[in-house]
Amino acid sequence: MPRRPREPLKELQERLRVVQERAREVEEIAREARVRGVEAAREYAAVLEERRKAVEEAMPPGLITRVASSMVGIPLLLALMFVETSPKLPGIVFTAGVALIALLCTGEYVRSVRPRFHPNAGVAYIAVVILQFAAWSVSRGQLGQLLPMFLVVLTIATLILQVLRREQEPLANLGVTFFGVIYVGWLLSYLVQIRSIPGMLAPWPFPPLATGAWLVLYLLLITWLSDTGAYLVGARLGKTKLAPNLSPKKSVEGAIGGLVFATITAVGFGFWFQLPWQHTLILGPLLSLLGQIGDLCESALKRDLGIKDFGGIMPGHGGLLDRFDSILFTAPIAYYYLAFLLRRP
């Protein structure tokens, strides 16, 4: 008896069933792959998060921000130190840059003291700028006789303005104005004095450049690496408070770390800059100590004013005045040491 052929409809249904089963299998495989992919991504993200936390724990808080902020300012500072426009005006670009820094620092100071006092801001701005160019002129034996006259004019002008303004507590306002001019303008002008030290220096592999520019760089390296060393060591090992009433985060261990960093920097770069090693051994600890005292003194000012920082122009550092607080103490001493002791016959 002949075999009957399968009906076309049943054959199609069978093929459709097979295709649906295969589709379900493929869908199941895809679903498992998606689940495994999501799990793998989560595991990888968890590993990355653990690594991020480990890096954060290994680094003191805010270090990346501080370093990034410094990387922006350092090239500009180097350009200001070494760029010359004319042999007849050596260091004038750097002087103008320091005058701008002094102006900005004075602005931060004025804004910080205004809630309690009424300083003569205009006089202060003019005075700190003039002081930078006066230092540049005096260092070259020019206009030296005008500096006392400038101080006389500053004193009389400030007194007259206080009388015209008819404000209460004129003595306090005068004191705040004069302190700002001396603290910011006068002390900062010693950077200009250092830059004006004559001579040419050629540390390998650089060509001969102004000795004063190299010495400014030397001062900044010692001061700021001392600050960095104190920050790093204090964040990792600091247990004994140095001055809890002024700066609770500063520690004795951090201060020692700053001294060590500064000494290594002073000796290492001093050798590169062809400075006598015995002087570098003195300059490192001396400038580190002065820089840390300057930092504490500014902390005392900020505590009295009830502020955390003088500004926020430099992320991770605060304001410019917060960044230059140590320089205000180290620059004058470094100038007198370098200009006189190192140059004795």
Next item on the list: With side-chain contact (heavy atoms from CB on, under 4.5 Å) as the test, would you mind laying out the steps for W186 and V181 before giving the verdict?
Entry: CA-CA 7 Å; W186 184 272; V181 171; over 6 Å; no

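- When every heavy atom of A102 is checked against every heavy atom of V184, the shortest pair comes out as O-CG1, 3.8 Å.
- In this structure, Q274 contributes its side chain and G270 its backbone to no donor-acceptor pair below 3.5 Å.
- Side chain of R114 to backbone of P119: no donor-acceptor contact under 3.5 angstrom is found.
- For the pair L321/L328, a side-chain contact is recorded, criterion being any heavy-atom separation below 4.5 Å from C-beta on.
- Linking ILVMFWY side-chain heavy atoms closer than 4.5 Å, directly or via other members, places I182 and L301 in a single hydrophobic cluster.
- Interatomic distance, L187 CG to I333 CD1, rounded to the nearest 0.5 Å: 9.5 Å.
- Listed by chain and number, the hydrophobic cluster partners of W204 come to none, as no ILVMFWY side chain reaches under 4.5 Å of it.
- Here the closest heavy-atom approach between residue G257 and residue V233 is recorded as CA-CG2, 3.9 Å.
- A donor-acceptor pair is defined here as one N or O able to donate and one able to accept, closer than 3.5 Å; no such pair exists between the side chain of T223 and the backbone of S326.
- Contact record, F133 with A99: CE1-CB, 3.8 Å, taken as the closest heavy-atom pair.
- Transitive grouping of hydrophobic side chains (ILVMFWY, heavy atoms separated by less than 4.5 Å) keeps L225 and F271 in distinct clusters.
- To the nearest 0.5 Å, the span separating CG on L338 from CD1 on I194 amounts to 6.0 Å.
- Annotation: side chain of W272 is in contact with side chain of F206 (closest heavy-atom distance under 4.5 Å).
- Taking CD1 from I327 and CG from L320, the interatomic distance works out to 12.0 Å, rounded to the nearest 0.5 Å.
- Nearest heavy-atom pair, F329 versus L290, reported as atom, atom and distance to 0.1 Å: CB-O, 3.5 Å.
- The backbone N or O of L283 lies less than 3.5 Å from no partner atom in the side chain of Y337, so there is not a single donor-acceptor pair.
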Next item on the list: Evaluate the criterion side-chain contact (heavy atoms from CB on, under 4.5 Å) for residue pair L191 and T95; output intermediate values, then yes/no.
Entry: CA-CA 9 Å; L191 285 177; T95 303; over 6 Å; no

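- Contact check for L188 versus V98: side-chain heavy atoms found under the 4.5 Å cut-off.
- Summarising the geometry, atom CD1 belonging to I126 is positioned 12.0 Å from atom CG belonging to L131; distances are rounded to the nearest 0.5 Å.
- For the residue pair Y109 and Y183, no side-chain donor N or O sits within less than 3.5 Å of a side-chain acceptor on the partner.
- Residue V192 is grouped with residue Y336 when hydrophobic side chains (ILVMFWY) are merged at heavy-atom distances under 4.5 angstrom, including chains of intermediate members.
- Considering OH of Y335 and OG of S189, their distance stands at 10.0 Å, rounded to 0.5 Å.
- The shortest side-chain heavy-atom distance between D295 and K250 falls under the 4.5 Å cut-off.
- No side-chain heavy atom of Y190 sits less than 4.5 Å from a side-chain heavy atom of T330.
- With sequence neighbours excluded, no residue forms a ring pair (Phe, Tyr, Trp, His ring centres under 6.0 Å) with F269.
- Although no hydrogens or angles enter the test, the distance criterion places a donor-acceptor pair under 3.5 Å between the side chain of W136 and the main chain of P90.
- F82 pairs by the ring pair (Phe, Tyr, Trp, His ring centres under 6.0 Å) definition with W214, not counting sequence neighbours.
- A donor-acceptor pair under 3.5 Å links the side-chain atoms of R195 to the main chain of M81, judged by distance alone.
- The distance from the CG atom of D227 to the CD1 atom of I222 is 14.0 Å, given to the nearest 0.5 Å.
- Side-chain N or O atoms of E253 include none that pairs as donor or acceptor with a backbone N or O of G234 at under 3.5 Å.
- Side-chain contact between L296 and S247 is present, with heavy atoms from C-beta onward closer than 4.5 Å.
- In this structure, the side chain of Q292 engages the main chain of A255 through a donor-acceptor pair within 3.5 Å.
- Both F324 and L100 are assigned to one and the same hydrophobic cluster, defined by single-linkage of ILVMFWY side chains at heavy-atom distances under 4.5 Å.
- At least one donor-acceptor pair under 3.5 Å links the side chain of Q132 to the backbone N or O of G185.
- The hydrophobic cluster containing L281 does not contain I264, counting ILVMFWY residues as joined when their side-chain heavy atoms lie under 4.5 angstrom apart, directly or transitively.
- Taking every heavy atom of both residues into account, A124 and T177 meet most closely at CB-CG2, 4.4 Å.
- Within the 4.5 Å cutoff, side-chain heavy atoms of F273 are placed close to those of P203.
- For the pair K308 and E298, the salt-bridge criterion is not met [side-chain N within less than 4.0 Å of a carboxylate O].
- Ionic pairing of D325 and K302 is not present here: no N-O contact between side-chain nitrogen and carboxylate oxygen is shorter than 4.0 angstrom.
- Taking the centre and axis of the six-membered ring of W224, the NZ or CZ atom of R323 falls inside the cone set by 45° and 6.0 Å.
- Put simply, the side chain of V267 does not reach to within 4.5 Å of the side chain of W277, judged on heavy atoms.
- In plain terms, the two heavy atoms of S226 and A262 that are nearest each other are CB-CB, 3.7 Å.
- Of the possible polar contacts, none joining the S288 side chain to the P285 backbone as a donor-acceptor pair under 3.5 Å is found.
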